[in-house]
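In this chain, residues are counted from 1 in sequence order. Any value given below was found using the heavy atoms of this structure, including those in side chains, with hydrogens, waters and symmetry copies removed. Counting starts at 1 for both ligands and their atoms, following the listed order.
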Amino acid sequence: MTRIGVLTSGGDAPGMNAAIRSIVRTSLYHRLQVFGILHGFTGLIHDDLLELNSRSVADIIQRGGTILRTARSDEFRTETGQQRALEVLKRRGLEGLIVIGGDGSFRGAKVLADHGVGVIGIPGTIDNDIPCTDFSLGFDTAVNTVVDAINKIRDTATSHERVYVVEVMGRNTGHIALQAGLAGGAESILVPEMPADLDELCRKIEVGYKKGKAHSIIVVAEGFGGEPRPGRDFEVSAGFRVGRYIENRTGFETRITVLGHIQRGGAPTVLDRTLASLMGARAVQLLAAGACNIMTGYQGARLVDVPFDEVFSSRKEFNRELYDLANILSLA
Ligand code: F6P
């Protein structure tokens, strides 16, 4: 293999740039030529490529977003789009491709792999909903952003002795809500994975105030209680629904904060930069060794190579132990 490509796809995640940097420099170290494909699979279809060198990836390890830009490509879901992408790869002489993204992006990648392209996936999504890896790039940074916001909200919540509902991202999963809720000391965490009794939650809030709590912070995953329409659910987002219910039922003054896309931005944490550097390097090594259809995972503080088929046939476990612990620790 002499020439490879890299693209980012789906929602951007802090750490993607650090991974691109690692991929480019590891490739050059192994004397591979490396091309950046802009705008995800859409850019591949339209031959939107540029050659990357060591300088192209200078000064990006600390930057959120992705210098390659990203897209959710409808075009690539069509047979015609996929054929065009294969033609571009062939014409450009790209024998290997590294895809940084989520589960959906890997499924796209697999289509190319089934046509003989060497493909390696790096998990990148703040949602941390990809199976077979403890972390996907961006999750740790997003959770830290949420905890930082909760700390600030706590100041004003205490001063006014109010209830605050903080809605966080996660699409149909509650991993961000759980981790940030625990680390932020939330009174309750509402996630799609677990049933919740809102009347019970209201009683808990009332008991808390009776016992001298100065505020209540409820973290709600955007997917709680139904399908989320991120940033578009103007009237019925999960946070507003829960907030309205609590205020009507308890009479406590309630405020809602929807954190939204600020969770996707910002400088990646040390963990995200480290994972990105490790996974980027591993992805290149795998391609150089002729491996294909593999995701670079991280399990129990070790890098692992996970076949795509295993990723697709697994489900990401919700951390029930952490959820139960958060409930215990939020006792009034
Ligand atoms: O998958 C990452 C994510 O930020 C989800 O948490 C969220 O539901 C979705 O993307 C938002 O997508 P968009 O940026 O396309 O509105």
Worksheet item: Is any NZ, NE, NH1 or NH2 atom of the basic residue among Arg203 and Asp199 found under 4.0 Å from an Asp or Glu carboxylate oxygen of the other?
Response: no
Practice prompt. For Gln263 and ligand 1, answer yes if some heavy atom of the residue is under 4.0 Å from a ligand atom, otherwise no.
Written response: no
Practice prompt. Mark yes or no: Arg3 above the aromatic ring of Phe35, with NZ or CZ under 6.0 Å from the six-membered ring centre and no more than 45 degrees from the axis.
Written response: no
Item to complete: Determine, for Asp47 against Arg91, whether the closest basic-nitrogen to carboxylate-oxygen distance falls under 4.0 angstrom.
Response: yes
Discussion item. Any salt bridge linking Asp129 with Lys316? Criterion: basic side-chain nitrogen under 4.0 Å from a carboxylate oxygen.
Written reply: no
Worksheet, complete the sentence: Per-atom filter on ligand 1: closer than 4.0 angstrom to a heavy atom of Met169 are 4 (O), 6 (O)
Worksheet item: Judging by distance only, is a nitrogen or oxygen of Gly170 under 3.5 angstrom from one on ligand 1?
Response: yes
Discussion item. For a quick check under 3.5 Å, do Gln82 and His115 share a side-chain donor-acceptor pair by atom type?
Written reply: no
Discussion item. My understanding is that we take every heavy atom of each candidate and find the minimum distance to atom 4 (O) of ligand 1. Doing that for His261, Arg264, His175, Glu222, which one comes out nearest?
Written reply: Arg264
Item to complete: Would you mind listing which atoms of ligand 1 come within a distance below 4.0 Å of any non-hydrogen atom of Arg72?
Response: 9 (C), 10 (O), 11 (C), 12 (O), 13 (P), 14 (O), 15 (O)
